[in-house]
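See structure below.
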Amino acid sequence: MLEVKNLSGGWERTTVVENLTLTLRHGECLALVGRNGVGKTTLIELISGRAQQSSGRIELEGQDISSLSGYARSNLGLGLVPQNREVFPSLTVREHLMVAARPGRWTQSSILELLPRLGQRLNHLACHLSGGEQQMLAIARALLGNPKLVLMDEPSEGLAPRVVEQLADVLKTIIADGTLTMLLVEQRIDVAMELSSRFAIMDRGRIIHTGQSQDVLDGRTKLADLIGLDH
């Protein structure tokens, strides 16, 4: 589904991601983990076309999208749930769902079945939603574009533990549906491993290790040691 080959780039003259290679298979969820500041969000922004690529190649289903705009990448099936949600404060929930919709598996009806709280808030402005509700709205907006690949950047950031549990259940349902591929950046290692089939560790702008998430859950792989976190 996604091939990132020798990718370098960042913001203006600052290189954050350097010579990075990564592959995602159809239908899988891959968790991208690592310490803060190693380039995870910048990689998401490079793939989505919002950061500046200096070299390398990004392919979506075999098509080189490296030179395409973010809008064109979206049209080809790339969805984004950005780190800071980026909902439109002056639009209602209903308006968000209307402007994002494209034909496909995910419809407003199926989204509201998955996220019933949004159904109760259809006429509320996004700026009046809680943090958890805004995150659900950002996910709904991405799904309604019926993407082939979703880039999910720190979905649990800033949310209360109970809301994180609800969010994880929603993401499990989306992944189990099998209609899309997901690249997940998530600081909560327990959540990341439960949701993903594989993981990749990023450090200093590069992938330094990949493995099976089940090995972490079963204790065969000590992720903290690989990442370099203090115990």
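Under the 3.5 Å distance criterion, the side-chain polar atoms of His209 are left unmatched by any main-chain donor or acceptor of Ala200. Not one N or O on the side chain of Gln120 forms a donor-acceptor pair closer than 3.5 Å with the backbone of Arg117. Within the 3.5 Å criterion, the main-chain N or O of Gly131 finds no donor-acceptor partner in the side chain of Gln134. Formation of a donor-acceptor pair under 3.5 Å by the Glu186 side chain with backbone atoms of Ile189 is not found in this model. With Gln52 contributing its side chain and Glu12 its backbone, the two residues share a donor-acceptor pair below 3.5 Å. With Arg57 contributing its side chain and Asp64 its backbone, the two residues share no donor-acceptor pair below 3.5 Å. Side-chain atoms of Thr181 come within 3.5 Å of backbone N or O of Gly27 as a donor-acceptor pair. Listed for the Arg188 side chain is no donor-acceptor partner under 3.5 Å among the backbone atoms of Ser156. Under a 3.5 Å cut-off, the side chain of Arg50 and the backbone N or O of Ile44 do not form any donor-acceptor pair. Under a 3.5 Å cut-off, the side chain of Ser74 and the backbone N or O of Gly70 do not form any donor-acceptor pair.
Separation of atoms CD (Gln53) and CD (Glu45) is listed at 13.5 Å; rounding is to 0.5 Å. Taking CD1 of Ile111 as the start and NE2 of His96 as the end, the distance is 13.5 Å to the nearest 0.5 Å. Atom NE2 in His124 sits 11.5 Å away from atom OG in Ser130 (nearest 0.5 Å). Put simply, CH2 on Trp106 and OG1 on Thr179 are 6.0 Å apart, with the number rounded to the nearest 0.5 Å. Between atom OG of residue Ser213 and atom CG of residue Asp218 there is a gap of 11.0 Å, rounded to the nearest 0.5 Å.
In the hydrophobic clustering of this structure, Leu30 does not group with Val191; members are Ile, Leu, Val, Met, Phe, Trp, Tyr whose side-chain heavy atoms approach within less than 4.5 Å, directly or through other members. If you chain together hydrophobic residues whose side chains sit under 4.5 Å apart, Met136 and Met152 fall into the same group. Connection of Ile175 to Leu2 is not established within any shared hydrophobic cluster, with ILVMFWY side chains joined at heavy-atom distances below 4.5 Å, either directly or through further cluster members. Cluster membership check: Ile139 shares its hydrophobic cluster with Leu114, using side-chain heavy-atom separations under 4.5 Å among Ile, Leu, Val, Met, Phe, Trp and Tyr. A continuous path of ILVMFWY side-chain contacts below 4.5 Å connects Val87 to Leu122, so both sit in one hydrophobic cluster.
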Check your understanding: Yes or no on side chain to side chain contact (heavy atoms under 4.5 Å, CB included) for Arg73 and Ser48, after CA distance, side-chain angles and deciding distance?
Key -> CA-CA 7 Å; Arg73 297 180 196 204; Ser48 64; 5.9 Å; no
Exercise for review: Walk me through it: do Ile227 and Arg35 pass the test side chain to side chain contact (heavy atoms under 4.5 Å, CB included)?
Suggested key: CA-CA 7 Å; Ile227 295 175; Arg35 294 169 296 174; 3.7 Å; yes
Check your understanding: Gln187 and Lys40: side chain to side chain donor-acceptor pair (under 3.5 Å), yes or no, with the steps?
Key -> CA-CA 10 Å; Gln187 282 296 113; Lys40 301 186 300 295; 3.2 Å; yes
Point to revise | Verdict with reasoning, Glu194 to Lys172, per salt bridge (charged side-chain N to carboxylate O under 4.0 Å, His left out) | key: CA-CA 9 Å; Glu194 286 179 8; Lys172 286 177 185 176; 3.7 Å; yes
Exercise for review: Could you walk me through whether Ile201 and Ile207 pass the side chain to side chain contact (heavy atoms under 4.5 Å, CB included) test, one step at a time?
Suggested key: CA-CA 6 Å; Ile201 299 174; Ile207 300 297; over 6 Å; no
**Study point:** Trace of the side chain to side chain contact (heavy atoms under 4.5 Å, CB included) decision for Leu129 with Val93
**Key:** CA-CA 9 Å; Leu129 303 181; Val93 169; 3.8 Å; yes
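When every heavy atom of Gly132 is checked against every heavy atom of Val163, the shortest pair comes out as CA-CG1, 3.8 Å. Listed here is the closest heavy atom pair of Thr221 and Phe199: CG2-CZ, 4.2 Å. In terms of heavy-atom proximity, Leu223 sits nearest to Val33 at CD2-CG2, 4.4 Å. Considering every non-hydrogen atom in both Thr41 and Asp153, the closest pair reads OG1-OD2, 3.0 Å. In this structure, Leu118 and Glu133 approach most closely via the heavy-atom pair CD2-O, 3.9 Å. The shortest heavy-atom contact between Asn6 and Thr21 is N-OG1, 3.1 Å.
Between Leu22 and Leu183 there is a side-chain heavy-atom pair separated by less than 4.5 Å. Proximity of Leu20 to Met202: side-chain heavy atoms (C-beta onward) are separated by under 4.5 Å at one or more points. Two residues are said to be in side-chain contact when any heavy atoms from C-beta on lie closer than 4.5 Å; Leu60 and Met1 meet this criterion. The closest side-chain heavy-atom distance from Leu144 to Arg102 is not below 4.5 Å. For the pair Leu149/Leu180, no side-chain contact is recorded, criterion being any heavy-atom separation below 4.5 Å from C-beta on. Within the 4.5 Å cutoff, the side chain of Leu46 has heavy atoms near those of the Thr42 side chain. A heavy-atom distance below 4.5 Å is found between the side chains of Leu97 and Leu112. Counting heavy atoms from C-beta on, the side chains of Pro82 and Asn84 never come closer than 4.5 Å.
For residues 134-150, every residue pair satisfying the salt bridge (Lys or Arg N to Asp or Glu O under 4.0 Å) rule, not counting sequence neighbours, is listed here: Glu61-Lys148.
Remark: Arg198 engages Glu28 in a side-chain hydrogen bond (donor to acceptor under 3.5 Å, both in side chains) (not counting sequence neighbours).
Screening Pro147, Cys29, Ser197 for a side-chain contact (heavy atoms from CB on, under 4.5 Å) involving Met182 leaves a single residue, Cys29.
Using modelled atom types and a 3.5 Å distance limit, the side chains of Arg94 and Asn123 yield a donor-acceptor pair. For the residue pair Ser8/Thr15, the side-chain donor-acceptor check at 3.5 Å is not satisfied.
Applying the 6.0 Å contact sphere to CZ of Arg162 captures no more than 12 heavy atoms from other residues, nucleotides or ligands.
Here Trp11 is tied into one hydrophobic group with Val16, each link being a pair of ILVMFWY side chains closer than 4.5 Å.
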